[in-house]
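Notes to accompany the following structure.
From a predicted model like this one, the values you see are computed outputs, not experimental measurements. Chain letters run A, B, ... following the sequence lines, proteins first, then strands; residues in each count from 1.
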Amino acid sequence: MRFAFTQDQLDFAEAVSDLLAKECDPAAVRVAWENDTGRVPGLWSRLVEMGVVGLLAPEGVGGLGMGEIDLVRIVYEAGRAALPEPLSTIAGVVVPAVRDHANTADAERFLSDVCAGTSTIALGLAANPLVVGAAGAAMFVLEADDGLHLVDPDVVEITPEQSVDGSRRVSRVNWNPSSATLMCGPSGAAEALDRAATFTAAELCGLADTMLTLTTGYVAERKQFGVPIGSFQAIKHHCANAMLAVEFAKPLVWRAAYSLTQRDPDASLHASMAKAAASDAADVVGRIAMQCHGGIGYTVEYDLHLYLKRAWSLISQDGSAASHRRRVADRVLG
Amino acid sequence: MRFAFTQDQLDFAEAVSDLLAKECDPAAVRVAWENDTGRVPGLWSRLVEMGVVGLLAPEGVGGLGMGEIDLVRIVYEAGRAALPEPLSTIAGVVVPAVRDHANTADAERFLSDVCAGTSTIALGLAANPLVVGAAGAAMFVLEADDGLHLVDPDVVEITPEQSVDGSRRVSRVNWNPSSATLMCGPSGAAEALDRAATFTAAELCGLADTMLTLTTGYVAERKQFGVPIGSFQAIKHHCANAMLAVEFAKPLVWRAAYSLTQRDPDASLHASMAKAAASDAADVVGRIAMQCHGGIGYTVEYDLHLYLKRAWSLISQDGSAASHRRRVADRVLG
Amino acid sequence: MDLTWSADEDAFRAECRAWLAEHAPNPPLPSGDTAEGFALHMEWERKLYADRWAVVSWPTEHGGRGASLWEWLIFEEEYYRAGAPQRVTQNGIFLLAPSIYEFGTQAQQDYYLPRMAAGEDLWCQGWSEPNAGSDLAGLTSKAVRDDEAGGWRLHGQKTWTTRGAFCTHLFGLFRTDPDSTRHHGLTYLLVPLDIDGVTVRGFGRLDGDEGFAEVFFDGAFVPDGDGDPAAGGVLGEVNGGWGVAMATTSSERGLTLRSPGRFTAATARLVQLYRERGGSVDDPGVRDAVAQAWIDAEAYALYTLSDVTGIVEGRSPGARSSLNKIFWSELDVRLHEAALRLLGGESELVEWGPDGQRVENPWLKGYQFSLSGPIYAGTNEIQRNIVAERVLGLPRK
Amino acid sequence: MDLTWSADEDAFRAECRAWLAEHAPNPPLPSGDTAEGFALHMEWERKLYADRWAVVSWPTEHGGRGASLWEWLIFEEEYYRAGAPQRVTQNGIFLLAPSIYEFGTQAQQDYYLPRMAAGEDLWCQGWSEPNAGSDLAGLTSKAVRDDEAGGWRLHGQKTWTTRGAFCTHLFGLFRTDPDSTRHHGLTYLLVPLDIDGVTVRGFGRLDGDEGFAEVFFDGAFVPDGDGDPAAGGVLGEVNGGWGVAMATTSSERGLTLRSPGRFTAATARLVQLYRERGGSVDDPGVRDAVAQAWIDAEAYALYTLSDVTGIVEGRSPGARSSLNKIFWSELDVRLHEAALRLLGGESELVEWGPDGQRVENPWLKGYQFSLSGPIYAGTNEIQRNIVAERVLGLPRK
């Protein structure tokens, strides 16, 4: 029994964190809000070089052949930086879905490209009305009633929409499922949702941590009535409540990733618990962060909103807290 | 438009409040916890004399012929004192049910007795698994699927149970409905539940107010760290939250009583809103009162528990907050 | 207790409703906190004024109808029910005007109030400063005496000035006694924004609008105010600004701005949204949340009726108005949260609605706006302190 | 990361489970916080001791099994799963024993620990006083030096002493330096309750049990403690009691008492209750509340695994253990609230259950007990201060 990351996992995550501290600071995220792609120029290839993107892909196609538990701490770091790249979707969901379910030729071709960073694949799960990064995707993994399909962009009609998070380029997609594109059945789709929920939960924990860090930093500095506002008990308790929410969400998220790695029969239940807790934590922390910042948090010149709006988007992505609690209830309560 | 009690109503309530301050102080309530009846010796006849018990009964049988809006502020005072008498049940529910639905002879006979204080009638609504004051009741008003029945004690099997509130003498009752005892149909029963919910809500507001008063008094006196604990912002905010809950429940309760008086078509909806808000308020205030009192609140030597345990009992009596919000949802949301 | 309206009040409501049905913009105007939106809103404000709906509770000589508080409530209820535009003139009408009525000279009243009602002068508030937010008494912007010119030279900076970039005038507090601290030695000044030495810089708000401004003062001159009001001047007494501001602030915190119609109308729309989407969203608790929001809005409306009854009968709510502010602001957040749950994965969309009827997503926009409620006009932390100390009598220290 | 148990650990679990299945009282014992219940509980404690289950993590020479922290977790999980009785010896075993291990002399360890394990000595804690609750450093009970007798004369009063009326010994803090204030000049004393000058008065608790006591000291004598431990004495250094107590307190606040098995077992019973009653109770939200409680208990269990991993590897949770205390105590309230919602109108019943199987209503009793969780061992308000100040680094003043 050991419930902690290995030193290797922590080192890998720290290396990614160091990269993001340099290449994905708030100024870089602001660039992604304004540019054509919603992404940070050059950053994806750095992540590809580090092996992060192909972490779950077999070594034979240029991946690292590692597991979800190795990736989850890295995705958490991506959340902390509000990384505006489709990391959790591609590395966490698309790669294992193609790896496990595409035919050998497709798998080899698409995974090689993804691991080499030469193309991306967009993901459309039934739980989400919107697809992120549809424009420019080389392929789509799309869910229909009969399972996951691997779909060519030529036959996907894309209608762009605008998200509150300027770096999220979301679209509605329209397409016609056919047996020719079917990659796997509903169980494969359910597994994809479990992975999506788990990695989105990890991102949300990272976002929550950064919002809390911004908040504790601000309230320790900001003075009113002659003292730092962080010395007021109401502010202290807000911050403690924020920490409580996120610190008790994280173990559920790490466990969900572990269960995916282990192909635990309860992996789906664990993913739902993780997403429910992380969505709630990010919501609570975001509310508290806004309140403790006062007016400054309500401006776009201050950085808080970059993390807050990402969190708002991800809170309902891949299933809301309520929907995942319903799944837990169905499983546990019958 | 005028949303306030009349001076007459306030004067009447104040007179009752004065009586209860003398005759129903915590020491008197403690007597009721320990004695055979769960009631304060002699107090019922004082309330009868004041006309409170027969307030809704016609003048012809010794009542005052007044309305629910006249009674509700008095029941609130009963709540403030944790009055261990079946006031809201008899004066608020049984009297109007018998008045409106019993045959003339029964109505005259039973109401005269009740108004004279010579007998009580116990109430068993389908919403409640327990009946208060069954032992010694001269008659029962009991709900079955087909409506309200006026039932003789001889044919009611009574199984006493023990409530957390020592002055509540609750029982399960077993009886067989027959057409001979039927007093009114389901709509009369529904009206009885609306009245019960409204007056219980008023009691809960009174209980909540007393718990808040005890709390603000205690925290202003109790010193820790060299200052009154009421000077700590966390305690201040607890108390403010308690007040918020009860102050925004009260208008709903007063309005529910008004609507009953007016026979407003929305009276049932209003009763549900009142009970939902008052149950939640009493719950919140009780929790806060316990927390702010610390250890002293956890003893039976201190008075808080007298009010707290009554509140716990009434929170689910005549429908929980959740069940009444469900009724509101069914009505408003379709 | 009497929860019925008189025949006159019913007639007044019918008149409001008919006028709004005919004139309220449909589709709704875009946000008034952008330059383009603001211009459209000003058209609407002029239309309101022309038909004497701009300031119903003011005397007729200032452009109003002399409406009672009850009629004002009715007007507000109908206004929100009609989905009519947010009032971009509200800071002047609801925050400044009560202080002008209470503290202004006759000349100030006669000059400012009709122009305000007509939308000729547009007022923003200058309370907050970079280091004086919740701690309003910590402000440092100063007005230095210029005896020769008979007035004051302003220096310093105000911020979080809503719609400051579009307004023509600012009202605010400035330190006139250089030796004073806290709430002493402050003066309430009325300042045209087009005079020399004033610079206004708009900046972006959370919801994407540019509705905030910083206002910099670098020696701008304001006369004493006993001459032509057009040049601005002092409202009330020199060094007596705190009292004037508190009157305004309590007006803001209290009843006036947060008419219950805003929340009953919002929950009515929430109920509609639930009927459209509640059956398809995977959220077993959202039905309860919508019912709760609906109950809360009713509670707030009734609480307000009770407050208005008290005011009409001479009982001021006093510090209890802090309860009011906490309740409406947190209700507003909860009701928008319920709406976002109903929107589910579409809640993040900036534009939303059926094809061909896309509008700025009112629930996302409203949610973002609602988050400012527990902060502005005295944070809810401070309001809870006020309830505890001034209403419940807990010790300050 | 490895969330599997070793073969040895599985075997240990099997041994626990088999023993508990055979011996755990069924029906459950009545509360141990009444005189009759306490006697029954002591029988159970002796049975535990006889088969070496009383103190599994202690060394074998003191009556334990030298179990690892992981094995201790397993034991606790099985203990709660079996619905075995609350440990009336817990204040000694979990609060005092860690301090004796850390600060006691060899003679004290050899004397007290085996007797404690065997239930021969029953310890209650003497922290709180009428005017020193949350503010433990404000205590005034004093121990006056008696050089002649070589010890201390005790004066003052302790209160909220759980099961004080049934215990044989008390451990607590007394002021030994009369000129000291706050946490200076206090000494941690071990006091037999049967000596002259000690009076114990039991008083009633919220839930109807008489489990609290006041303990009055009127010149009772305790020696220095370097002689025969049977007479009581000083634990640790004179005037160094605060450090000893804090070690004990952090042990109470931290992991030891609140084993996750308590909450996972309780939520398992809650799930069972939901299956029995969830379909008939008119409460659309209770299903969600039960699921949430279940998730929270899982989160707490995992959080504890993470803590234990850290402790085993030499990383102490430190002030973060306050997070732990807040979470389990509020989870405990929420899970019992969900249960009371399922009981609906029967939640007020002191006895409850199907005919012929009436027991003390575990959910009502448990709810009342849960309300003490956010209060004792440092109120959750103080725990939140600790999190904010010591973990998040916010300024104290």
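- When each of A/Gln291, A/Arg326, A/Arg172, A/Arg327 is scored by its heavy-atom pairs under 4.5 Å with chain C, the top score falls to A/Gln291.
- Applying the salt bridge (Lys or Arg N to Asp or Glu O under 4.0 Å) criterion to C/Glu389, with sequence neighbours excluded, gives B/Lys236, C/Arg396.
- Contact annotation: the side chain of C/Tyr376 never approaches that of A/Tyr298 to less than 4.5 Å [non-hydrogen atoms, C-beta and beyond].
- Among C/Gly344, C/Ala132, C/Gly138, C/Gly285, the residue making the largest number of heavy-atom pairs under 4.5 Å with chain A is C/Ala132.
- Put simply, of A/Gly294, A/Ala127, A/Ala234, A/Ser163, the one with the most heavy-atom pairs under 4.5 Å next to chain C is A/Ser163.
- For C/Val333, the part lying under 4.5 angstrom from a heavy atom of chain A is the side chain only.
- Dense packing is recorded around CG of A/Asn174, with more than 12 heavy atoms of other residues, nucleotides or ligands lying under 6.0 Å away.
- At a heavy-atom cut-off of under 4.5 Å, chain C is reached by no residue from residues 271-280 of chain A.
- Neither the backbone nor the side chain of A/Arg325 comes within contact range of chain C; no heavy atom of the residue lies under 4.5 Å from a heavy atom of that chain.
- A pairwise comparison of heavy atoms in C/Ser134 and A/Gln224 identifies N-OE1, 3.0 Å as the closest pair.
- Distance alone, capped at 3.5 Å, places no donor-acceptor pair between the A/Gln162 side chain and the C/Val350 backbone.
- Here C/Glu381 contributes atom CD and A/Cys292 contributes atom SG; the two are 7.0 Å apart, rounded to the nearest 0.5 Å.
- Heavy atoms closer than 4.5 Å to chain A are found in both the backbone and the side chain of C/Phe203.
- At a 4.5 Å heavy-atom cutoff, the contact between C/Glu351 and chain A is made by backbone atoms alone.
- Proximity to chain A (any heavy atom under 4.5 Å) is restricted, for C/Arg182, to the side chain, taken from C-beta onward.
- Between chain C and the residues A/Gln317, A/Lys223, A/Lys309, the largest count of heavy-atom pairs under 4.5 Å involves A/Lys309.
- Put simply, the side chain of A/Leu130 reaches to within 4.5 Å of the side chain of C/Leu349, judged on heavy atoms.
- For chain C, no part of A/Asp165 is nearby; none of its heavy atoms comes within less than 4.5 Å.
- Closest non-hydrogen pair, A/His305 versus C/Leu206, comes out as CB-CD1, 3.4 Å.
- Looking only at heavy-atom pairs under 4.5 Å with chain C, the residue among A/Gly295, A/Ser316, A/Gly319 that has the most is A/Gly295.
- Between chain A and the residues C/Ala137, C/Ser347, C/Gly133, C/Gly208, the most heavy-atom pairs under 4.5 angstrom are made by C/Gly133.
- Looking at heavy atoms from C-beta onward, A/Leu314 lies out of side-chain contact with C/Glu348 at the 4.5 angstrom threshold.
- Rounding to the nearest 0.5 Å gives a distance of 7.5 Å between CD1 of A/Ile235 and OG1 of C/Thr379.
- Of residues 363-375 of chain C, those residues lying under 4.5 Å from chain A by any heavy-atom pair are C/Leu364, C/Tyr367, C/Gln368, C/Phe369, C/Leu371, C/Ser372, C/Pro374, C/Ile375.
- Of the inter-residue distances, the one linking C/Asp282 atom CG with A/His324 atom NE2 reads 8.5 Å to the nearest 0.5 angstrom.
- Within the structure, the ring pair (Phe, Tyr, Trp, His ring centres under 6.0 Å) test picks out the following pairs touching residues 215-234 of chain A (sequence neighbours left out): A/Tyr218-A/His293.
- Proximity to chain C (any heavy atom under 4.5 Å) is shown, for A/Ile296, by both the backbone and the side chain.
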